[in-house]
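Note that this is a predicted model, so its numbers are computed, not measured. Lettering follows sequence order; numbering is per chain, from 1. The analysis underlying the following values was restricted to heavy atoms, covering all of them including side chains, and did not include hydrogens, waters or symmetry mates.
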Amino acid sequence: MAGVRLATWNVNSAKAREPRLLGWLDERAPDVVCLQETKLSDEAFDESFGAPLAERGYAVAHHGEGRWNGVALLSRVGLDDVEEGLPGGPGYPHQEARAVTATCGGLRVTSVYVPNGRDPADPHYAYKLEWLAALRDRVEAAGADSAVVAGDFNIAPADPDVYSVEAFAESTHVTPPEREALAALLKTGLHDVTRERWPDERVFTYWDYRGGAFHQDRGMRIDLVLAGEPVARRRAALWVDRQARKGTGPSDHAPVILDLDEAPDGDIGPVVPPPSLGAKKGGSRKKS
DNA sequence: ATGTCGTCGATCCGACGA
């Protein structure tokens, strides 16, 4: 598979973001996009975006419920074996539209919108932890190697991922159980590619609409791209598209964009190595 | 920055969720 640009973006209503979303796709030209909080039914999403996305070459897997939640995958490198939700996962009380998975360009991609949790004392918080455990089980069962799990995790993995530790005392997003649930997910073999790329930098993906938070960079890093080891090794570039958080009518989240180099052992047919590499050791083709 | 934003119900604002 050739190089792939993968992005994740919580759009906070696809309908409200329609002009910006389409403009952003044209500008950044991602091959695979994980969307969250589309806040549309499948029918409404198709009505608004079916034609413009098809025009741009994207296949679409939307999993929505209407007013709340809603996730989608857009891909122009193939979109197969779609799975909606987390099989056997928890509900609140019904299973919500918070995950959609498909195979795109040899990657098993899941777009996730992890429950917010609201407050550590709220039942929604327990639901959040259960949901994360179900996600972990799902990734483990499917195998992490080709996996990309990207989206709004509603968890800041570590203290540097929030603008102020004090401001989040007693709040969700930073509690040890949430971070442990994320750590358990990573332990299946996933890498936090943003932090690996920017180990010591201040990197946020979400800024509250209130109080000029964006311009003061009072944000959090809660939108994550987690990738299996073989995928993470292909990382060529990774950045937060802060441009998309500026201007009129932005989402409160910025997209995260990951560029992957061509897979070293692609399955796109016979690869004839240049003569200089013809005798490279370990070059035998693995079946897949 | 408890001065925002989006959604919906049944309006021309107030609730709720984030």
Pairs satisfying ring-ring contact (aromatic ring centres under 6.0 Å, His included), at least one member in residues 228-260 of chain A, at least two apart: A:Y206-A:H253
[N] versus [M] - spacing of their [atom1] atoms, nearest Å:
N      : M      : atom1 : result
B:dT7  : B:dC12 : C1'   : 16 Å
B:dC8  : B:dG3  : C1'   : 23 Å
B:dT2  : B:dC13 : P     : 25 Å
B:dA15 : B:dA10 : P     : 14 Å

Going 5' to 3' along DNA chain B, which nucleotides are the first and last within contact of chain A (any atom under 4.0 Å from a heavy atom)? B:dA1 to B:dA18
With sequence neighbours excluded, what pairs up with A:F214 under the ring pair (Phe, Tyr, Trp, His ring centres under 6.0 Å) test? A:W207
Quiz question: by atom type and distance under 3.5 Å, do the side chains of A:T103 and A:R108 form a donor-acceptor pair? yes
Does anything in residues 116-125 of chain A pair up under side-chain hydrogen bond (donor to acceptor under 3.5 Å, both in side chains), and if so which pairs, sequence neighbours excluded? A:Y125-A:T175
Could you check A:D152 against A:R17 and say which one's nearest nucleotide on DNA chain B is further toward the 5' end? A:R17
Mapping A:R118 and A:L40 to their closest nucleotides on DNA chain B, which lands nearer the 5' end? A:L40
I'd like a table of donor-acceptor pairs (distance under 3.5 Å, sequence neighbours excluded) in which one partner is a side-chain atom from residues 146-153 of chain A, with atom names and distances.
residue, atom, partner, partner atom, Å
A:D152, OD1, A:N154, N, 3.0
A:D152, OD2, A:N10, ND2, 2.9

Based on Watson-Crick and G-U pairs with both distances under 3.5 Å, what dot-bracket line describes DNA chain B 5' to 3', crossing pairs as [ ] and inter-strand pairs as |? ...((((((...))))))
Taking it one step at a time, do A:W9 and A:D241 satisfy side chain to side chain donor-acceptor pair (under 3.5 Å)? CA-CA 10 Å; A:W9 193 11; A:D241 191 356; over 6 Å; no
With a sphere of 6.0 Å drawn around CD of A:E170, does it hold more than 12 non-hydrogen atoms of other residues, nucleotides or ligands? no
Which is true for A:F214 with a 4.0 Å heavy-atom rule: it touches a base, it touches only sugar-phosphate, or it touches nothing? nothing
Answer whether the closest heavy-atom distance between the side chains of A:W24 and A:P255 falls below 4.5 Å. yes
